[in-house]
There are 2 protein chains.
Amino acid sequence: MAQHRTRAALPLERKFISRPTTLRVVEGCVALYRELGDGRRLIPDVLGPGRLFGSGLVDVQDCRAMTLAATSVETFDGPPQAAVIDVVMRQMLLRAQAHAILLGRKTAAERVATALLDLASQFARKSRSPSGKGKTTFNLHLTRADLADWLGLTLETVSRCLGAFKRGRLIAFDHPEIITIRDRTALEALAAGNARAFAA
Amino acid sequence: MAQHRTRAALPLERKFISRPTTLRVVEGCVALYRELGDGRRLIPDVLGPGRLFGSGLVDVQDCRAMTLAATSVETFDGPPQAAVIDVVMRQMLLRAQAHAILLGRKTAAERVATALLDLASQFARKSRSPSGKGKTTFNLHLTRADLADWLGLTLETVSRCLGAFKRGRLIAFDHPEIITIRDRTALEALAAGNARAFAA
DNA sequence: CGCATTTTTGATTCTTATCAAGACGAGTGG
DNA sequence: CCACTCGTCTTGATAAGAATCAAAAATGCG
């Protein structure tokens with residue numbers, strides 16, 4: 001599936017990637033983003049380990065990519081195989097459509113719940129202690145502002161939602177970047193649009 | 001580019017398409033849509049003549065398609081060529097990302113302005129009279145409710161925006177479905193996010 | 001010519017954005 | 001080790017934008 005590849009080892013902190021190649025996230029987190037003329041910014045997708053991106057794939061047009069943590073990526077020398085492109089594009093499109101629903105028709109709380117579940121699935125640590133059933137802990141690589149630009153909200157609203165979830169025992173966190181999911185069922189109900197609770 | 005094709009001639013009015021084939025819009029208008037559990041609905045894309053869609057292409061997952069006017073489509077017998085899929089997917093992804101920005105970061109007026117320009121480019125009538133410079137007239141195949149579901153708004157807000165544009169001489173319409181663009185420049189400025197005017 | 005659907009318009013409410021301080025944490029230099 | 005500072009996060013008060021509720025006007029259809 002992969003052509004000749006080189007480990008690029010970019011332990012960049014919030015550096016920018018603009019080279020025209022295809023890349024795969026090995027560890028860490030990459031966010032695609034676009035800036036409007038004025039201050040507005042939008043992050044259409046957040047990529048965890050295993051996800052592919054690069055020119056001619058995803059950041060079509062004028063999207064840029066930025067690493068949000070100590071991140072390493074592999075580069076592919078030639079253009080990737082057509083079959084690979086197809087699979088990745090399909091996944092991107094699927095995610096884009098799901099995200100469109102989120103942006104167009106979900107409340108703030110529903111958006112944050114959806115985001116938490118997505119990030120948990122991409123960044124979950126395997127260390128689920130014997131006691132923890134369904135409890136997942138993961139590193140939220142995004143700041144509140146990044147989350148806001150991903151979810152079409154403001155950073156204050158994101159913070160309020162996370163606070164409300166914490167008070168409601170859906171999640172837990174001491175450090176604002178290390179999140180534990182305590183009640184996945186409730187989060188999923190929220191994300192799906194059931195459960196009208198937890199206004200920001 | 002096209003394989004053996006048959007004119008399917010579906011002069012359906014808001015009928016539903018669910019067959020697993022690849023289709024091309026010949027004339028009329030097709031909207032892809034998804035329904036959430038409760039009443040909420042979202043239209044991720046609206047397709048005019050020339051656009052391709054169908055299974056394994058666009059309405060990936062559980063998107064459905066619906067015709068919004070007397071519409072005819074061609075069907076392709078086999079699966080389309082890989083190159084065709086690639087081009088179409090790329091276009092869809094591009095549009096999806098642009099739409100994500102609209103949904104995530106634009107005001108109601110900006111969204112409606114963007115939609116009008118998009119629809120004008122897809123459905124413009126060639127009959128630009130000698131006097132009309134830049135004036136385009138087109139048939140808005142979508143109802144206000146459809147527009148709302150496309151733009152992540154309510155039908156009332158859409159109606160108010162259109163009314164505001166009409167009063168501001170940006171557009172004109174007597175029949176609510178036949179729209180004429182009178183000031184394309186202003187609309188484009190609005191759509192781009194400049195010009196803070198015309199709150200709903 | 002009614003009847004049903006869509007559109008417009010108005011009044012009000014709600015959610016979220018905006019504005020404004022603080023609080024917390026990490027890193028720096030004395 | 002301790003101020004100091006910068007960036008992020010939290011929290012509160014207020015405001016703006018769009019949703020909701022409600023009811024007319026158009027429009028289209030049988």
Side-chain angles (χ1 to χ4, degrees), chain A residues 13-14 36 38-42 68-70 102-113 115 139-168 171-179 190 193 196-200, chain B residues 13-14 36 38-42 68-70 102-113 115 139-168 171-179 190 193 196-200:
Chain A
E13 302 264 348
R14 294 186 168 276
L36 290 317
D38 47 352
R40 290 181 282 187
R41 192 180 63 142
L42 191 110
L68 300 180
L102 180 148
L103 292 171
R105 287 286 178 239
K106 287 190 180 175
T107 67
E110 289 168 359
R111 297 183 199 194
V112 174
N139 189 322
L140 187 76
H141 295 294
L142 307 156
T143 67
R144 305 296 189 254
D146 293 330
L147 275 172
D149 288 332
W150 188 28
L151 303 177
L153 299 169
T154 60
L155 67 93
E156 293 96 330
T157 299
V158 170
S159 180
R160 277 185 247 268
C161 281
L162 290 173
F165 291 174
K166 188 180 182 180
R167 280 189 298 281
I171 63 173
F173 59 93
D174 294 317
H175 185 89
E177 289 242 331
I178 313 293
I179 307 271
L190 241 184
R196 281 246 150 261
F198 294 104
Chain B
E13 303 264 348
R14 295 189 167 275
L36 289 317
D38 48 351
R40 290 181 281 186
R41 192 181 63 143
L42 191 108
L68 300 179
L102 179 149
L103 292 171
R105 286 288 179 235
K106 287 190 180 177
T107 66
E110 290 168 0
R111 296 182 200 196
V112 174
N139 189 322
L140 188 73
H141 295 293
L142 307 156
T143 68
R144 305 294 189 255
D146 293 330
L147 276 172
D149 287 331
W150 188 27
L151 303 176
L153 300 169
T154 60
L155 66 93
E156 294 97 327
T157 300
V158 170
S159 180
R160 278 185 245 270
C161 280
L162 290 173
F165 291 174
K166 188 180 183 180
R167 281 191 296 282
I171 63 174
F173 60 92
D174 295 317
H175 184 91
E177 288 242 333
I178 313 291
I179 307 272
L190 241 184
R196 281 246 150 259
F198 294 104

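Distances were taken from every side-chain heavy atom of B:Leu155 (C-beta onward) to each of C:dT16, C:dT7, D:dC9; the shortest belongs to C:dT7.
Contact annotation: the side chain of B:Ile178 approaches that of B:Asn139 to within less than 4.5 Å [non-hydrogen atoms, C-beta and beyond]. By the 4.5 Å heavy-atom criterion applied to side chains, A:Asp146 and A:Arg41 are counted as neighbours. Side-chain contact between A:Arg105 and B:Asp149 is present, with heavy atoms from C-beta onward closer than 4.5 Å. Side-chain contact between B:Leu102 and B:Glu110: absent, with no pair of heavy atoms (C-beta onward) separated by less than 4.5 Å.
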Pick out the pairs of N or O atoms, protein on one side and nucleotides 2-5 of chain C on the other, that lie under 3.5 Å.
none

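Separating the CG atom of B:Asp38 from the C1' atom of D:dA19 is a distance of 15 Å, rounded to the nearest angstrom. Here C:dT16 presents its P atom at 13 Å from CG of A:Leu103, a figure rounded to the nearest Å. Rounded to whole Å, atom P of C:dT9 lies 10 Å from atom CZ of B:Arg144. The nearest whole Å value for the distance from the CG atom in B:Asp146 to the C1' atom in C:dT6 is 11 Å. One interatomic measurement links the two molecules: CD of A:Glu110 to P of D:dA19, which rounds to 15 Å at whole-angstrom precision. Rounded to whole Å, atom P of D:dC9 lies 12 Å from atom CD1 of A:Ile178. Distance CG (A:Leu151) to P (C:dT15): 19 Å, rounded to an integer number of Å. For the pair B:Lys106 NZ and D:dG17 P, the interatomic distance rounds to 17 Å; values are reported in whole Å.
Once rounded to the nearest 0.5 Å, the distance linking CG of A:Leu140 with CG of A:Leu162 reads 7.5 Å. Note that CG of A:Leu103 is 6.5 Å distant from CG of A:Leu42, once rounded to the nearest 0.5 Å.
Each of B:Leu153, B:Leu147, B:Leu190 was compared with B:Arg111 under the side chain to side chain contact (heavy atoms under 4.5 Å, CB included) criterion, and only B:Leu153 meets it.
Closest non-hydrogen pair, A:Ala108 versus A:Thr157, comes out as CB-CG2, 3.7 Å. Taking both residues in full, the closest heavy atoms of A:Ala148 and A:Leu155 are given as CB-N, 3.5 Å, listed atom of the first, atom of the second, then distance. Here the shortest heavy-atom pairing between A:Trp150 and A:Ala115 reads CZ3-CB, 3.7 Å.
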Give the B/S/- string for nucleotides 20-30 of chain D, one per nucleotide from 5' to 3', where a protein heavy atom under 4.0 Å of the base yields B, of only the sugar-phosphate yields S, and otherwise -.
BB-----SS--
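Axis angle across the helix from C:dC1-D:dG30 to C:dG30-D:dC1, with five pairs used at each end and values rounded to 10°: 40°.
At least one donor-acceptor pair under 3.5 Å links the side chain of A:Arg144 to the backbone N or O of A:Pro176.
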